[in-house]
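Right, one structure below, let's go through it.
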Amino acid sequence: MSHALTDSASPSLRFTKMQGLGNDFVIFDGVRQRIELRPEAVRAIADRHFGVGCDQILLVEAATSPNADFRYRIFNADGTEVAQCGNGARCFAVFVRRAGLTNKEVITVETQSGHLMLHHQSNGEITVNMGIPQLAPADVPFRNNEEAPEYLLSVGDDTLRIAAVGMGNPHAVLRVSSVTDAPVATLGPRIETHPDFPRHCNVGFMEVCDRSHVQLRVWERGVGETLACGSNACAAIVAGIRWDELDHAVAVTLPGGSLYIEWAGPGQPVMMTGPAQVVFDGVWPISAVLGNSEGGS
Ligand SMILES: N[C@H](CCC[C@H](N)C(=O)O)C(=O)O
């Protein structure tokens with residue numbers, strides 16, 4: 001019988017809790033432990049009352065392609081597997097070196113959306129090459145016939161001006177006059193599940209302070225509002241540059257702290273730099289996930 005969370009050798013699994021600007025993760029070493037994560041296990045571990053608590057679970061695995069060092073899988077708290085996580089990529093880079101899985105300064109990692117390159121900086125921060133943003137609606141994916149820097153989205157009685165940008169995962173970005181007053185909890189879920197985003201989306205509310213500084217709050221797909229979202233920060237800067245409201249290097253202030261994002265324009269990768277911290281190491285008893293009725297092998 002295949003379990004929700006399995007390891008052939010042990011009734012428990014080691015993990016590390018990490019965070020990038022308060023976007024928090026449970027990271028499992030799937031290189032030394034054989035782990036299969038099913039949605040119910042993800043939800044149980046991510047639960048902030050009955051589990052460890054996190055926004056996403058990250059699973060580190062051996063690479064499947066010759067030109068990568070590792071594979072990296074990402075699961076939202078609701079159990080869905082997704083293709084990109086910017087803050088998680090920085091935590092991943094710290095995790096694999098701390099776990100002794102590599103000592104490389106530059107790490108190439110496979111994700112469902114392609115390869116990321118992670119660079120350890122001398123100040124302890126990590127720079128991630130987040131890849132080339134997807135701007136064609138079909139690649140986001142977003143339902144629209146033409147590509148444009150801005151689209152009109154009908155939400156109830158409102159018509160919103162948004163950008164739709166893919167970073168390996170889908171993002172909507174709206175301008176707001178003040179992030180403090182932004183309708184994150186009300187508009188966020190309605191845009192996240194809007195039919196024009198067939199795979200749903202992450203929703204950024206961006207206040208442009210000047211051409212090199214924005215403030216941003218994010219309603220994340222599959223999670224809700226988080227203290228930071230690295231891939232949405234990248235999408236927001238791409239949107240702001242395409243609106244000709246931002247320069248090519250921008251500081252993004254999120255509730256959990258700041259990222260530095262650079263983008264030289266269409267066809268170029270987005271570069272994101274920021275911190276990643278270890279919170280604690282732990283052990284998860286597999287039976288806790290399966291419940292007594294299913295527990296044990
Ligand atoms: N909620 C996102 C995945 C995590 C992204 C975020 N934590 C980041 O730092 O990029 C999605 O469903 O596409």
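The structure presented is a predicted model; accordingly, all values stated were derived computationally and were not measured.
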- Query: Honestly curious: do Phe50 and Phe15 fall in one hydrophobic cluster under the side-chain, below-4.5 Å linking rule?
  - Reply: no
- Message: Would the distance check show the side chain of Arg217 and the main-chain N or O of Val184 forming a donor-acceptor pair, the cut-off being under 3.5 Å?
- Response: no
- Task: Could you walk me through whether Arg211 and Glu245 pass the salt bridge (Lys or Arg N to Asp or Glu O under 4.0 Å) test, one step at a time?
- Result: CA-CA 6 Å; Arg211 293 188 64 87; Glu245 295 182 21; over 6 Å; no
- Task: Measure from the side-chain N and O atoms of Asp158 to the backbone N and O of Leu160, and report whether any donor-acceptor pair falls under 3.5 Å.
- Result: no
- Query: Taking the side chain from Gln134 and the backbone from Gly168, do they hold a donor-acceptor pair closer than 3.5 Å?
  - Reply: yes
- Query: Can the positive tip of Arg14 be found less than 6.0 Å from the middle of the six-membered ring of Trp284, inside 45° of the ring normal?
  - Reply: no
- Please determine, by modelled atom types, if Asp69 and Thr102 share a side-chain donor-acceptor pair under 3.5 angstrom. no
- Hey, does His200 have a side-chain heavy atom less than 4.5 Å from the side chain of Pro170? no
- Item | Gap between atom CD1 of Ile126 and atom NE2 of His120 - 0.5 Å precision | 4.5 Å
- Mind checking the CD1-CE spacing from Ile237 to Met271? Nearest 0.5 Å is all I need. 15.0 Å
- Task: Report the C-alpha distance between Gln121 and Thr127 in whole Å, list the side-chain angles of each, state the deciding distance to 0.1 Å, and finish with yes or no for side-chain hydrogen bond (donor to acceptor under 3.5 Å, both in side chains).
- Result: CA-CA 7 Å; Gln121 303 297 344; Thr127 295; 2.6 Å; yes
- Item | Flag side-chain contact, heavy atom, 4.5 Å: Phe75 against Thr80 | no
- Query: Hey, is the main chain of Val128 close enough, under 3.5 Å, to the side chain of Arg90 for a donor-acceptor pair?
  - Reply: no
- Evaluate the salt bridge (Lys or Arg N to Asp or Glu O under 4.0 Å) criterion for residues Asp281 and Arg98: first the C-alpha distance (whole Å), next the side-chain angles of each, then the deciding distance (0.1 Å), finally the verdict. CA-CA 11 Å; Asp281 293 308; Arg98 178 174 178 269; 2.7 Å; yes
- Query: Which heavy-atom pair separates Ala63 from Ala68 by the least distance, and what is that distance?
  - Reply: CB-O, 3.3 Å
- Query: Looking at Pro198 and Pro141, what are the two nearest heavy atoms and their distance?
  - Reply: CD-O, 3.6 Å
- Message: I want to check something: taking the side chain as every heavy atom from C-beta on, are Glu207 and Ser178 in contact at a cut-off of under 4.5 Å?
- Response: yes
- Item | Distance (rounded to the nearest 0.5 Å) between Arg71 CZ and Glu61 CD | 5.0 Å
- Query: Do Val52 and Phe280 touch side chain to side chain, with heavy atoms closer than 4.5 Å?
  - Reply: yes
- Query: Regarding Ser212 and Asp210, is there a side-chain donor-to-acceptor distance under 3.5 Å anywhere?
  - Reply: yes
- Query: Can Tyr260 be reached from Ile241 by stepping across I, L, V, M, F, W or Y side chains whose heavy atoms are under 4.5 Å apart?
  - Reply: no
- Query: Is Arg48 paired with Asp24 through a side-chain N to carboxylate O contact shorter than 4.0 Å?
  - Reply: yes
- Item | Residue pair Thr273 / Leu259, side-chain heavy-atom distance below 4.5 Å | no
- Query: Testing Ile107, Ile74, Leu59, Leu116 for side-chain contact (heavy atoms from CB on, under 4.5 Å) with Phe92, which one passes?
  - Reply: Ile107
- Message: Assess the residue pair Cys234 and Met272 against the criterion (side-chain contact (heavy atoms from CB on, under 4.5 Å)); give the C-alpha distance rounded to whole Å, side-chain angles, the decisive distance to 0.1 Å, and a yes or no.
- Response: CA-CA 7 Å; Cys234 295; Met272 170 192 64; 3.9 Å; yes
- Query: Taking Gln84 for the side chain and Met167 for the main chain, is one N or O donor matched with an acceptor at less than 3.5 Å?
  - Reply: yes
- Query: Under 4.5 Å between any side-chain heavy atoms of Phe205 and Leu187, yes or no?
  - Reply: yes
- Note on the structure: Between Ile35 and Gly30 the two heavy atoms that sit nearest each other are CD1-CA, 4.4 Å
- Message: Other residues, nucleotides and ligands only: do more than 12 of their heavy atoms fall within 6.0 Å of CG on Asn67?
- Response: yes
- Item | Pair Val60-Val96, side-chain contact (heavy atoms from CB on, under 4.5 Å): steps then yes or no | CA-CA 8 Å; Val60 178; Val96 290; 3.9 Å; yes
- Message: Assess the residue pair Arg97 and Glu105 against the criterion (salt bridge (Lys or Arg N to Asp or Glu O under 4.0 Å)); give the C-alpha distance rounded to whole Å, side-chain angles, the decisive distance to 0.1 Å, and a yes or no.
- Response: CA-CA 9 Å; Arg97 286 219 333 200; Glu105 290 292 321; 3.2 Å; yes
- Classify the side-chain pair Thr64/Glu110 by whether it contains a donor and acceptor separated by less than 3.5 Å. yes
- Indicate yes or no for a side-chain donor-acceptor contact from Asn129 to the backbone of Gly131 under 3.5 Å, with no hydrogens or angles considered. yes
- Give the intermediate values and the outcome of side-chain contact (heavy atoms from CB on, under 4.5 Å) for residues Asn169 and Arg221. CA-CA 10 Å; Asn169 55 351; Arg221 176 177 64 168; 3.8 Å; yes
- Message: Could you check whether any side-chain N or O of Ser113 sits under 3.5 Å from a backbone N or O of Ala83, counting only pairs where one atom can act as donor and the other as acceptor?
- Response: yes
- Query: Does any donor atom in the side chain of Asp55 or Asn23 lie under 3.5 Å from an acceptor atom in the other side chain?
  - Reply: yes
- Rounded to the nearest 0.5 Å, what's the gap from CZ on Arg73 to SG on Cys85? Could you check? 14.5 Å
- Item | Nearest non-hydrogen partners of Phe95 and Met18, listed with the distance | CB-SD, 3.9 Å
- Task: With the side chain counted from C-beta on, respond yes when Ile162 and Val173 share a heavy-atom pair under 4.5 Å apart, and no when they do not.
- Result: no
- Which value, rounded to the nearest 0.5 Å, describes the distance between Trp219 atom CH2 and Thr186 atom OG1? 9.0 Å
- With under 30° as parallel and over 60° as perpendicular, where do the rings of Phe142 and Phe197 fit, or are they tilted in between? tilted
- Item | Check: Trp263/Gln268 side-chain N/O donor and acceptor closer than 3.5 Å | no
- Any side-chain heavy atom of Phe25 sitting closer than 4.5 Å to one from Ile57? no
- Message: Could you go through Asn232 and Leu216, starting from their C-alpha distance and side-chain angles, then the distance that decides it, and tell me whether this counts as side-chain contact (heavy atoms from CB on, under 4.5 Å)?
- Response: CA-CA 9 Å; Asn232 190 272; Leu216 184 70; 3.7 Å; yes
- Task: Before accepting this row, confirm whether a basic side-chain N of the pair Glu192/Arg199 lies closer than 4.0 Å to the acidic partner's carboxylate O.
- Result: no
- Spell out, yes or no, whether Met130 and Leu135 are grouped together once hydrophobic residues are joined by side-chain heavy atoms under 4.5 Å, including indirect joins. yes
- Say whether, by atom type as modelled, one donor and one acceptor occur between the side chain of Asn76 and the main chain of Asp78 under 3.5 angstrom. no
- From CA spacing to verdict: side-chain hydrogen bond (donor to acceptor under 3.5 Å, both in side chains), His194, Ser154: CA-CA 9 Å; His194 193 285; Ser154 297; over 6 Å; no
- Note on the structure: For Val140 and Gly166, the nearest pair of non-hydrogen atoms, with its separation, is CG2-N, 3.9 Å
- Task: Could you state whether Val106 and Val94 fall into the same hydrophobic cluster, counting links through intermediate Ile, Leu, Val, Met, Phe, Trp or Tyr residues with side-chain heavy atoms under 4.5 angstrom apart?
- Result: no
- Message: If I compare all heavy atoms of Gly79 with all of Val42, which pair ends up nearest, and what's the gap?
- Response: CA-CG1, 3.7 Å
- Query: Which value, rounded to the nearest 0.5 Å, describes the distance between Arg161 atom CZ and Thr159 atom OG1?
  - Reply: 11.5 Å
- Query: Honestly curious: do Val203 and Met206 fall in one hydrophobic cluster under the side-chain, below-4.5 Å linking rule?
  - Reply: no
- Indicate whether the side chain of Glu220 and that of Thr226 have a donor and an acceptor atom separated by less than 3.5 Å. yes
